[in-house]
Amino acid sequence: MSAVGGVARPLRTTLEMIRVTHTVFALPFAILAAVLAAGGWPDLATLGKIVLAMIGARSAAMAQNRLADREIDGANPRTASRALPAGTLSVGYVRVFLVVSVAVFLLAAASLNRLTLLLAPVTLAVLFLYSYTKRFTALCHLVLGLCLAIAPVGAWIAVRGDIRAPAVYLGLAVLFWTAGFDVIYALQDEAHDRRVGIHSIPARLGARQALVISAVFHVAMIVFLVVLWRTMGGGWLFAAGIVATVAALVYQHAIVRPDRLKRIDAAFFTANGFVSVVLAAFGIADVLTR
């Protein structure tokens with residue numbers, strides 16, 4: 001029993017480090033893109049490789065981010081309990097995990113098609129760049145959005161072997177959606193980031209203006225979703241998913257105010273988890289029923 005516990009503890013800590021529960025944000029969009037590209041369910045082998053590539057890429061990105069930010073996290077009371085600054089995982093362990101995750105991603109990309117393999121190093125470069133953007137630009141939220149936008153675009157390429165307008169529209173929707181909720185999430189560290197010189201929109205402009213910019217980003221997301229819906233000749237189910245997305249985003253902005261930051265967790269995980277799952281489910285159902 002103690003041996004099992006000895007294995008389970010670092011595994012649980014590793015899953016917490018890479019925020020495995022946050023996979024719900026990007027994975028549904030990747031599956032939606034694969035279905036849109038195939039005009040139905042892609043074959044199981046392709047779908048499995050897409051999921052494996054995404055798990056590898058996301059795990060690598062999170063491990064790199066934690067390694068790059070371990071001193072920053074240790075200086076922030078909100079993040080000081082994370083695995084590396086708290087010492088529950090060693091730097092060596094996380095580096096090995098990073099290498100394995102990169103290998104998984106590259107192997108999965110290579111097994112899909114030539115374009116996914118050629119773009120794999122570019123993907124890793126963007127994912128790793130994000131870890132350093134908060135050191136020099138308040139536009140780091142948009143770079144994070146680009147990181148998540150890679151998932152649906154990559155899934156489309158995995159199925160079709162090319163990049164077309166619908167993949168770009170869905171990618172842009174994910175980019176602005178992510179940037180919008182990341183601005184809200186960064187409100188928690190506004191004072192700390194300003195004090196230590198970490199760049200973010202809240203630290204640069206303050207909470208009220210940051211919330212306005214977040215709302216603008218989310219309006220841009222809806223615009224690109226509508227463009228995607230029209231481009232793909234979407235039906236009422238996809239439209240219903242977009243309407244549900246609007247409702248969730250309105251709820252998110254209604255419950256977060258500069259004087260009500262304690263509700264950020266509900267806005268961040270509940271509302272955004274709802275957006276990704278419901279929009280993907282309705283979009284997939286729309287394709288399958290046409």
Apply side-chain contact (heavy atoms from CB on, under 4.5 Å) to residues Ile222 and Leu225 and explain how you reach the verdict. CA-CA 5 Å; Ile222 298 303; Leu225 286 177; 4.2 Å; yes
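- The minimum heavy-atom distance between Ala63 and Leu98, with the atom names listed, is CB-CB, 4.1 Å.
- In terms of heavy-atom proximity, Ala155 sits nearest to Ala34 at CB-N, 4.2 Å.
- A heavy-atom distance below 4.5 Å is found between the side chains of Phe105 and Thr123.
- Rounding to the nearest 0.5 Å places CG of Leu144 at 4.5 Å from CG of Asp182.
- In this structure a side-chain-to-backbone donor-acceptor pair under 3.5 Å is missing from Gln64 to Ala61.
- Counting only heavy atoms from C-beta outward, the side chains of Leu279 and Phe274 never approach each other to under 4.5 Å.
- Within the 3.5 Å criterion, the main-chain N or O of Thr137 finds no donor-acceptor partner in the side chain of Arg204.
- Nearest approach of Ala26 to Leu148, heavy atoms of both residues: CB-CG, 4.2 Å.
- In this structure, Phe176 and Phe217 have tilted ring planes: the angle between them lies in the 30° to 60° band.
- Judged by distance alone, with hydrogens and angles left aside, the side-chain atoms of Asp43 form a donor-acceptor pair with the main-chain N or O of Thr46 at under 3.5 Å.
- Looking at Ser59, its side chain never comes within 3.5 Å of a backbone N or O of Gly56 through a donor-acceptor pair.
- The shortest non-hydrogen separation linking Val287 to Gly39 is CG1-C, 3.7 Å.
- Of the inter-residue distances, the one linking Ile201 atom CD1 with Leu187 atom CG reads 10.0 Å to the nearest 0.5 angstrom.
- Distance alone, capped at 3.5 Å, is enough to place a donor-acceptor pair between the Arg70 side chain and the Leu67 backbone.
- Grouping the Ile, Leu, Val, Met, Phe, Trp and Tyr side chains by contacts below 4.5 angstrom, directly or via other members, places Leu27 with Ile157.
- Contact check for Ser101 versus Met62: no side-chain heavy atoms found under the 4.5 Å cut-off.
- Rounding to the nearest 0.5 Å gives a distance of 12.5 Å between CG of Leu146 and CG of Leu139.
- Residues Asp69 and Arg135 are in side-chain contact: their nearest non-hydrogen atoms beyond the backbone lie under 4.5 Å apart.
- The minimum heavy-atom distance linking Thr79 with Ile72 is given by the pair OG1-O, 4.4 Å.
- Trp41 places a side-chain heavy atom less than 4.5 Å from the side chain of Ile284.
- Enclosure of atom CZ in Arg208 is not indicated, since only 12 or fewer non-hydrogen atoms of other residues, nucleotides or ligands lie within 6.0 angstrom.
- Thr178 places no side-chain N or O within donor-acceptor distance of the main-chain N or O of Gly145, the cut-off being under 3.5 Å.
- Paired with Phe29 under the rule ring pair (Phe, Tyr, Trp, His ring centres under 6.0 Å), one option of Tyr169, Trp156, Trp177 passes, and it is Trp177.
- With hydrogens and angles disregarded, no donor-acceptor distance shorter than 3.5 Å links the side chain of Arg114 to the backbone of Ala110.
- Using modelled atom types, no side-chain atom of His141 and backbone atom of Ser214 make a donor-acceptor pair closer than 3.5 Å.
- Contact of the Val159 side chain with the Pro42 side chain is registered, since non-hydrogen atoms from C-beta on lie closer than 4.5 Å.
- The line from CG of Asp193 to CD1 of Ile198 is 6.0 Å long, rounded to the nearest 0.5 Å.
- Atoms CD1 and CD1, from Ile50 and Ile55 in turn, are 12.0 Å apart once rounded to the nearest 0.5 Å.
- The shortest distance between side-chain heavy atoms of Val275 and Met221 falls below 4.5 Å.
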Yes or no on side-chain contact (heavy atoms from CB on, under 4.5 Å) for Val153 and Leu170, after CA distance, side-chain angles and deciding distance? CA-CA 8 Å; Val153 175; Leu170 183 55; over 6 Å; no
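- For the pair Ile184 and Leu211, the minimum side-chain heavy-atom distance is below 4.5 Å.
- Of the possible polar contacts, one joining the Arg290 side chain to the Asp286 backbone as a donor-acceptor pair under 3.5 Å is found.
- Atom CG of residue Leu124 and atom CG of residue Leu106 lie 5.5 Å apart, to the nearest 0.5 angstrom.
- Across Tyr185 and Arg78, no two heavy atoms sit closer than the pair OH-NH1, 3.2 Å.
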